[in-house]
2 protein chains.
Amino acid sequence: MDGQTSFSLGPSSLTDALYESVRKRIVNGEIAPGEKLTEIRIAGEYSVARPTAKACLERLTALGLLRRTAHKTAVVPKLDEDDIRDLYFSRETVERAAVAALARTATVPQPAARAQAAMKAAAGDMAFASQVEADIAFHSALVAAVGSRRLSRMHEVILGEVHLTMGQFQAHRTTHPMNVVHEHDDILKAIGDGDPERAQQRLAHHLDQAQGRLLGQLRRERSGEATA
Amino acid sequence: MDGQTSFSLGPSSLTDALYESVRKRIVNGEIAPGEKLTEIRIAGEYSVARPTAKACLERLTALGLLRRTAHKTAVVPKLDEDDIRDLYFSRETVERAAVAALARTATVPQPAARAQAAMKAAAGDMAFASQVEADIAFHSALVAAVGSRRLSRMHEVILGEVHLTMGQFQAHRTTHPMNVVHEHDDILKAIGDGDPERAQQRLAHHLDQAQGRLLGQLRRERSGEATA
DNA sequence: GCTAGTATACTTGTCTGACGATTAAGCCCC
DNA sequence: GGGGCTTAATCGTCAGACAAGTATACTAGC
């Protein structure tokens with residue numbers, strides 16, 4: 001099957017399920033940045049052995065969803081400004097290549113269009129977390145449509161960190177979801193028109209907006225903290 | 001024959017040293033493609049416990065240096081034509097972004113220049129494996145100079161697979177190393193001139209050549225196999 | 001003789017339990 | 001009150017064990 005599978009490690013239900021669950025809790029912001037995740041805690045919470053928990057934490061660390069140095073407890077990272085810039089630079093690199101490739105053959109990927117439709121329909125009443133997921137699904141579909149396993153693999157990692165950062169700001173949304181939807185539409189349109197240049201340009205603009213929103217929230221939060 | 005693992009490097013020395021050693025053996029072609037690597041074998045060869053060996057194999061699997069599915073033994077992958085094309089597509093994506101960024105500020109990274117010099121000086125008598133390493137070092141330095149942690153991270157993974165594939169063809173070199181050196185020079189020159197377009201174009205040409213060499217060897221090997 | 005189905009060996013996934021090593025924290029003494 | 005020492009918490013690694021899945025060899029039947 002298509003599997004689309006993620007990458008890497010040989011999946012076996014338990015380890016994988018554990019990984020998925022912890023990952024979800026992290027990217028959704030359920031586990032706050034700075035929070036410590038000990039092997040024992042995970043093992044306890046999920047009733048698995050410590051080695052199993054350890055493997056899970058190592059996987060997440062490799063993906064940048066946890067930070068850990070030898071003999072120290074893993075913590076959920078809080079991305080700072082530099083991190084976010086770096087993240088979006090890498091993200092743009094990957095996604096530019098993707099939309100350019102799609103535009104060259106004027107291929108509008110179905111899954112992306114579908115994600116768009118869903119997002120549009122439910123823009124008003126969707127929970128913020130769901131909107132983030134729809135957003136991620138859109139970009140994910142875009143890259144997946146290129147058909148490059150390795151590009152998708154890289155992108156997954158990047159999006160993981162993006163998801164993490166967005167998840168941590170869950171409470172305060174800064175823009176109406178329809179703005180995002182429109183930006184997405186612009187990208188799809190350029191792809192459909194077979195215009196790689198415009199597609200890249202629209203994408204760059206969209207990512208720039210997104211990055212700006214994240215940076216804005218970061219600054220706001222920090223200044224709020226300072227006064228509190 | 002038994003790998004002395006007493007290097008003192010990195011954080012949690014044992015696991016890391018083991019990983020480095022096995023990785024080196026794989027990318028150098030010491031462990032042939034198709035060869036099976038069981039946890040027990042690694043554990044035995046290095047006198048470590050099976051969990052330690054397991055972690056090592058999982059790490060390598062995550063980087064694409066091993067393939068493994070649940071309950072099956074890990075094997076060193078042999079990249080086919082599609083893999084190589086995919087690999088080089090991804091590689092080009094990352095490195096294009098890198099050289100463009102460097103050219104924009106006309107920054108010729110010292111380490112890259114140094115790698116070039118070394119390669120040039122020893123082009124004649126260097127062992128093939130060393131030339132491959134110098135080549136890799138050059139490209140690595142190029143990307144590292146951009147200063148993006150995440151771009152470098154992606155690139156490392158890509159280069160791992162590139163190294164692997166090159167290592168497997170060690171015996172038969174198909175081009176004089178000076179050709180590679182000249183292609184590298186062209187790229188550096190374009191960067192130094194602050195010409196992102198030309199830098200990308202030179203890079204693309206270089207990668208195209210490299211990919212062509214790999215594909216050629218693959219085909220030659222396969223036809224040789226057919227007659228043998 | 002050959003195919004098919006079963007039995008066996010191998011390998012991995014996970015667990016339990018344990019020990020030394022390292023880091024962080026708390027306490028005592030000066 | 002500060003510095004050094006003891007203690008607690010946590011990680012790194014190990015050993016051994018069992019179940020579950022996979023691959024292979026062997027036997028049985030045609």
Side-chain angles (χ1 to χ4, degrees), chain A residues 1 3 5-23 26 31-77, chain B residues 2-23 26 31-78:
Chain A
M1 8 199 357
T5 122
S6 27
F7 59 130
S8 38
L9 300 192
S12 87
S13 48
L14 206 181
T15 303
D16 260 14
L18 175 63
Y19 162 75
E20 284 299 341
S21 175
V22 176
R23 178 196 157 92
I26 291 177
I31 303 181
E35 199 167 334
K36 292 212 262 189
L37 276 183
T38 71
E39 300 179 356
I40 294 175
R41 172 181 164 187
I42 297 297
E45 283 182 10
Y46 288 88
S47 303
V48 297
R50 188 161 70 95
T52 308
K54 178 192 190 63
C56 171
L57 295 185
E58 269 165 7
R59 247 166 114 174
L60 291 167
T61 302
L63 297 181
L65 262 31
L66 284 177
R67 289 224 202 296
R68 169 153 87 150
T69 56
H71 286 279
K72 274 195 276 188
T73 302
V75 308
V76 179
Chain B
D2 109 42
Q4 241 40 282
T5 60
S6 51
F7 323 101
S8 60
L9 240 203
S12 70
S13 49
L14 208 182
T15 303
D16 270 7
L18 175 63
Y19 162 76
E20 284 297 342
S21 176
V22 176
R23 180 196 155 90
I26 291 177
I31 303 180
E35 200 166 333
K36 293 212 259 190
L37 276 184
T38 70
E39 300 178 355
I40 294 175
R41 172 181 164 187
I42 297 297
E45 283 182 8
Y46 289 88
S47 304
V48 298
R50 189 160 72 92
T52 307
K54 180 192 188 64
C56 170
L57 295 184
E58 268 164 7
R59 244 167 113 176
L60 291 166
T61 303
L63 297 181
L65 263 29
L66 285 177
R67 288 223 202 297
R68 169 152 87 152
T69 55
H71 286 278
K72 274 196 278 188
T73 302
V75 308
V76 179
K78 170 144 200 59

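Only heavy atoms go into these numbers, but all of them, side chains included; no hydrogens, no water, no symmetry mates. Chain letters run A, B, ... following the sequence lines, proteins first and then strands; every chain starts at 1.
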Novice: Which atom pairs, donor and acceptor, lie under 3.5 Å between side-chain atoms of residues 31-39 of chain A and protein residues at least two apart or in another chain?
Specialist:
| from | atom 1 | to | atom 2 | distance (Å) |
| --- | --- | --- | --- | --- |
| E35(A) | OE1 | A32(A) | N | 2.9 |
| E35(A) | OE2 | R41(A) | NH1 | 3.2 |
| E35(A) | OE2 | R41(A) | NH2 | 3.3 |
| T38(A) | OG1 | R41(A) | N | 2.9 |
| E39(A) | OE1 | R50(A) | NH1 | 2.9 |
| E39(A) | OE2 | K54(A) | NZ | 3.4 |
| E39(A) | OE2 | R68(A) | NH1 | 3.3 |

Novice: Please round to 10 degrees the angle between the axis of the first five pairs and the axis of the last five pairs in the helix from dG1(C)-dC30(D) to dC30(C)-dG1(D).
Specialist: 10°
Novice: CG of L18(B) versus C1' of dG12(D): gap in Å, rounded?
Specialist: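 It works out to 13 Å between those atoms.
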Novice: Is there a salt bridge (Lys or Arg N to Asp or Glu O under 4.0 Å) between R59(B) and D16(B) once you walk through the steps?
Specialist: CA-CA 10 Å; R59(B) 244 167 113 176; D16(B) 270 7; 3.0 Å; yes
Novice: By a strict heavy-atom criterion of less than 4.0 Å, which residues belonging to residues 45-52 of chain A are in contact with DNA chain C?
Specialist: V48(A), A49(A), R50(A), P51(A), T52(A)
Novice: Kindly indicate whether the side chain of V76(A), heavy atoms from C-beta on, has any atom under 4.5 Å from the side chain of L66(A).
Specialist: yes
Novice: Write down the distance between CG (L37(B)) and P (dT11(C)), rounded to a whole number of angstrom.
Specialist: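 It works out to 12 Å between those atoms.
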Novice: What is the distance, to the nearest angstrom, from the OH atom on Y19(A) to the P atom on dT14(C)?
Specialist: 15 Å
Novice: What pair of heavy atoms forms the shortest contact from A43(B) to A53(B), and how long is it?
Specialist: N-CB, 3.8 Å
Novice: Tell me the closest heavy-atom pair linking G64(A) and P77(A), and the distance in Å.
Specialist: O-CG, 3.7 Å
Novice: For the pair made of CZ in R68(A) and P in dA9(D), what is the distance, rounded to whole Å?
Specialist: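 From R68(A) CZ to dA9(D) P: 19 Å.
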Novice: Side chains of V22(B) and L65(B): closer than 4.5 Å at any heavy-atom pair?
Specialist: no
Novice: Using whole Å, what does the distance between atom P of nucleotide dT13(D) and atom CD of E39(A) come to?
Specialist: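 One finds 11 Å between P of dT13(D) and CD of E39(A), rounded.
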Novice: Can you name the atoms? Protein N/O to nucleotides 21-25 of chain C N/O, anything below 3.5 Å, with the distance.
Specialist:
none

Novice: Rounded to whole Å, how long is the line connecting atom CD1 of I40(A) with atom C1' of dT16(C)?
Specialist: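 To the nearest whole Å, that distance equals 14 Å.
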Novice: Please state how far atom CG in L57(A) lies from atom P in dT10(D), giving the value in whole angstrom units.
Specialist: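 Nearest whole value for this atom pair: 13 Å.
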Novice: Taking all non-hydrogen atoms of both residues into account, name the closest pair between V48(B) and I42(B) and its distance.
Specialist: CG2-O, 4.4 Å
Novice: Quick one: D16(A) CG to dT12(C) C1', roughly how many Å, whole number?
Specialist: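 Value for this atom pair: 14 Å.
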Novice: Heavy atoms from C-beta onward define the side chain here; which of dT14(C), dT12(C), dC14(D) lies closest to that of L14(B)?
Specialist: dC14(D)
Novice: Look only at the side chain of T61(A) and the backbone of L57(A), and say whether a donor-acceptor pair between them is shorter than 3.5 Å.
Specialist: yes
Novice: Let's go through L60(B) and C56(B) carefully: what are the C-alpha distance in whole Å and the side-chain angles of both, what is the deciding distance for side chain to side chain contact (heavy atoms under 4.5 Å, CB included) to 0.1 Å, and is it a yes or a no?
Specialist: CA-CA 6 Å; L60(B) 291 166; C56(B) 170; 4.0 Å; yes
Novice: Pick the nucleotide of DNA chain C nearest each of A53(A) and T73(B); which residue has the one closer to the 5' end?
Specialist: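 Comparing both residues, the 5'-ward one is T73(B).
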